[in-house]
Structures are given as structure tokens and as C-alpha cells.
J.: 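Starting off with a structure, shown below.
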Amino acid sequence: MKKLTIIIPCYNEEEVIKESYRRTKQVLLSLPNPTEILYINDGSQDKTRLLLNEIADSDPQVKVIHFSRNFGHQPAVTAGINRCTSDLAIIMDADLQDPPELIPQILSLQEQEQANVVYCVRKSREGDNFFKRFTAKMFYRVMNSMSEVKFPLDTGDFRLIDHKIMAEFGRLQERGKYIRGLISWIGFKQVPFYYKHETRVAGQTKYPFNKMLKFASNALLYFSNKPLKLAMSLGFVAVIIGLILAAWFTLGKIYGFSNAESGWTSIVSMIIFFGGVQLLTVGVLGQYIGVLFNEIKARPEYIIEEERNF
Ligand code: UDP
Ligand code: MG
């Protein structure tokens, strides 16, 4: 029987953690497989730490990793994958938006298809507001058109991965990990599982707009150099426009069909426009330099303060 680990990152989840544990544990007890839950406390400032320690003290099948501070959702999941030694792992959110009751179906699909990855596709996102649904939909489609690796649409980190995927994942050197993208990139046999994304049972989202923006731009910068190419194309178009205008005004002067002196407005607008094009292009370049800077520093993705039940 294959051993299963449920990897759950938590950041300030005091309102949901008990209920989350109760429902997950109930499902795990119904399985014939040996199981464990691995919580990663991503530097919570509320009672999450205390509650997780309580759970770990009462249940030896619960492992807990406490980070030294808040490093983010992706580093937390990375730590979970790195510390998992089971044959199979399922990555889930703490807020029960990914219902643990689906675990048996996901497992049997894995068994039936002999899949290395079962990625869970959101048929609907009941729990999220219009803004989140819209931006998420856009994000997955833009990513797919920009990236050389193709990703399944509307798929988060909620998925089952096997030990082969975990081993390959462990070999990845990059620090800014966009996990769902990297798992697609690793390959092997990956099959979809369709489900309904539920409402958060309690508490607020831990992904405010600025974190969402950082997550999305990271994904784009790490998986695509199309923005650089677009920036170059923009420069190219600007040069062509400049050349055409120059030719037009010169010929106009010679043949007298253009009266260029009166063009203060046009000159100022052109300067502003091309100044903008240049800044934009330099900005795009700067983003990639930022990524390089981040990678070259080679800082660890997260720092562990304490581990329980390992
Ligand atoms: N999370 C985390 N670190 C963070 C932000 C979020 O570990 O900095 C966890 C959070 O506790 C939850 C999961 O990542 O288990 C997804 O976050 P959330 O449900 O708030 O995001 P949403 O579903 O609103 O996109
Ligand atoms: Mg959520």
C-alpha cells in the first residue's frame, strides 16, 4: 500500500485549522493506505502555531514545519514537497476550498491511470468573487499564450504528485518557484480531475491583491521571455514610425507638401510617446534583471525554525 502525505501550507489560519484537520483526518481514516498530514506554518502571527502544535501533540501522524517568518505560499509548498518521503503527496489549501472528501477519488484515478500527477481543474469557483474569478481566468490564459510550456487552464496547486515528480522537483535549482508550472514542465503522465472549488469555510483570503500580482508576475517572468521580445518589437515599430515620419517631413520640405514648422504639438507628443516606449522597454528589462539578481544571490527559499513529529 502506497503511503500518502497531505501537504497543507497555512498562514494565519486560526479560524479554519481545527475544522480543516477534522475533515481531512476523517477522510484519511477511511483509506486503507498509511497516511500523514504535513502542515507548513508559513510564519503565522495568530494562533495557528499553537493550534498546529496541539494537533501534532495529539496525533503522531501529523508533522509540522514552522518557518522563521512569512515566506509565501509557494516556498511553503516547496518545503512540504522537499520534506515529504511518501510515495504520494496531495497538495491542498488549509481553508477547505479544495474539499478533502475528494481525496479517495483522486487516489483511485491515480491508481486506475497509473498517473504521476493528478491535477485538479476548477470546473467552477463558487467561493470566489467576480474580481478573483476574472483575474484568475485571464491569468491562466495569458500565461498559456506567453509561455513555451503549456499549462492546464484553471488549475491551482491542488494536485496529487508521486515520488518520481517529488524527486525531480527536488533537483530544480531556481528560487522563484511557480510550482504548478514546474510540475507541468517536469512531465510524465499527468491526468486532470474536475471539481468544484468551494467557498472558504472561515477567515479571509491570505492572497491580497499585491501578493496575487507578485505571484502572477513571477510566473510570467520565470516561464516566458515573450515580454522581452514584445519590448523589442515595440522598439522596432517605433523605429519604423520614426523613419517614415522623417522621410515624410524631409520630402514635404523639398516638394512643399508639408508645413513642418507649425508642429509643436506633434513634436511634444512624439517625445512623450517615445520616451514612454523607452522607459517601458527598460522597465521590462529591469524585471528580468531583478529575477537574475534574485537567483544569483542564491538565498534559501525559506528558513525552518522548528519541526515536529519528524
Ligand atoms: N498561504 C501561505 N502563505 C501565504 C499566503 C497563503 O501559506 O503567504 C496559504 C494559506 O494559508 C492557504 C493557501 O496558502 O492554505 C491558499 O491561500 P488562500 O486560501 O488565502 O488563497 P485564495 O484561495 O484566496 O487564493
Ligand atoms: Mg483559499
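Counting starts at 1 for both ligands and their atoms, in listed order.
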J.: Show which atoms of ligand 1 fall inside a sub-4.0 Å distance from at least one heavy-atom site of C10.
T.: 7 (O), 11 (O)
J.: Go through ligand 1 atom by atom and flag the ones less than 4.0 Å from a non-hydrogen atom of N70.
T.: 3 (N), 4 (C), 8 (O)
J.: Measure from the Mg ion (ligand 2) to each N, O or S atom of D95 and report whether any distance is below 2.8 Å.
T.: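 So D95 does bind the Mg ion (ligand 2) by this criterion.
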J.: When only distance counts, is A76 in polar contact with ligand 1, meaning an N/O pair under 3.5 Å?
T.: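 Min N/O separation from ligand 1 is not below 3.5 Å for A76.
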J.: Which part of E13 is near ligand 1, with near meaning a heavy atom under 4.0 Å away: side chain, backbone, both or neither?
T.: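 The part of E13 near ligand 1 is the side chain, not the backbone.
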J.: Would you tell me whether Y302 and N82 have side-chain atoms, one donor and one acceptor, within less than 3.5 Å of each other?
T.: yes
J.: At under 4.0 Å between heavy atoms, which part of I40 makes contact with ligand 1: side chain, backbone, both or neither?
T.: neither
J.: Give the residue and atom name of whichever protein heavy atom lies nearest to atom 23 (O) of ligand 1, and the separation in Å to one decimal.
T.: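 That would be Q97 OE1, 2.6 Å.
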J.: Report, in ascending order of atom number, the atoms of ligand 1 lying under 4.0 Å from any heavy atom of K206.
T.: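 Counting from 1, the qualifying ligand atoms are 5 (C), 6 (C), 18 (P), 20 (O).
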J.: Regarding Y21 and D59, do their side chains bring together a donor and an acceptor under 3.5 Å, going by distance alone?
T.: yes
J.: Could you tell me the residue and atom name of the protein heavy atom closest to atom 19 (O) of ligand 1, and the distance to it rounded to 0.1 Å?
T.: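 Nearest neighbour among protein heavy atoms for atom 19 (O) of ligand 1, to 0.1 Å: D95 OD2, 2.5 Å.
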J.: Under 3.5 Å, is there a donor-acceptor pair between the Y195 and D98 side chains?
T.: yes
J.: Can you check whether Y119 and F193 have ring centres sitting under 6.0 Å from each other?
T.: no
J.: Please determine if R141 forms a cation-pi arrangement with F139, meaning its NZ or CZ atom is less than 6.0 Å from the six-membered ring centre and no more than 45° off the ring axis.
T.: no
J.: How about T205: does one of its N, O or S atoms come closer than 2.8 Å to the Mg ion (ligand 2)?
T.: no
J.: Quiz question: by atom type and distance under 3.5 Å, do the side chains of E36 and T5 form a donor-acceptor pair?
T.: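 Distance-only check passes for E36 and T5.
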J.: Could you tell me whether the side chains of Y207 and H73 share a donor-acceptor contact shorter than 3.5 Å?
T.: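 Yes, a side-chain donor-acceptor pair sits under 3.5 Å.
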J.: Report the nearest protein non-hydrogen atom to atom 9 (C) of ligand 1: residue, atom name, distance rounded to 0.1 Å.
T.: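 For this ligand atom, the closest protein heavy atom is P9 O, 3.8 Å.
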J.: To check you understand the geometry: which heavy-atom pair defines the closest contact between S224 and P227, and what is its length?
T.: OG-CD, 3.6 Å
J.: Just need the protein heavy atom nearest to atom 25 (O) of ligand 1, so name the residue and atom and give the distance.
T.: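 Ranked first by proximity to atom 25 (O) of ligand 1 is K132 NZ, 2.7 Å.
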J.: I'd like to know if D57 pairs up with R308 as an ion pair, taking the criterion as any Lys NZ or Arg NE/NH1/NH2 lying under 4.0 Å from an Asp or Glu carboxylate oxygen.
T.: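 Result for this pair is yes, salt bridge flagged.
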J.: Which residue holds the protein heavy atom closest to atom 14 (O) of ligand 1, what is that atom called, and what is the gap in Å?
T.: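 So the nearest neighbour among protein heavy atoms is H73 CD2, 3.1 Å.
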J.: Inspect the surroundings of CZ in F293 and state if more than 12 heavy atoms from other residues, nucleotides or ligands are less than 6.0 Å away.
T.: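 Incorrect, the count does not exceed 12.
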J.: Heavy-atom contact under 4.0 Å between M212 and ligand 1?
T.: no
J.: Can you list the ligand 1 atoms lying under 4.0 Å from a non-hydrogen atom of K211?
T.: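 Those qualifying, in numeric order: 4 (C), 5 (C), 8 (O).
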J.: Quick one: look up the protein heavy atom nearest atom 4 (C) of ligand 1 and list residue, atom name and how far away it is.
T.: D42 OD2, 3.5 Å
J.: Among D162, I161, L88, find the residue that satisfies the side chain to side chain contact (heavy atoms under 4.5 Å, CB included) test when tested with N116.
T.: D162
J.: Can you report which non-hydrogen protein atom sits closest to atom 18 (P) of ligand 1, along with the distance?
T.: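 Checking every protein heavy atom, the shortest distance to atom 18 (P) of ligand 1 gives R200 NH2, 3.5 Å.
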J.: For atom 1 (N) of ligand 1, what is the closest protein heavy atom, and at what distance to 0.1 Å?
T.: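 Result: Y11 CB, 3.8 Å.
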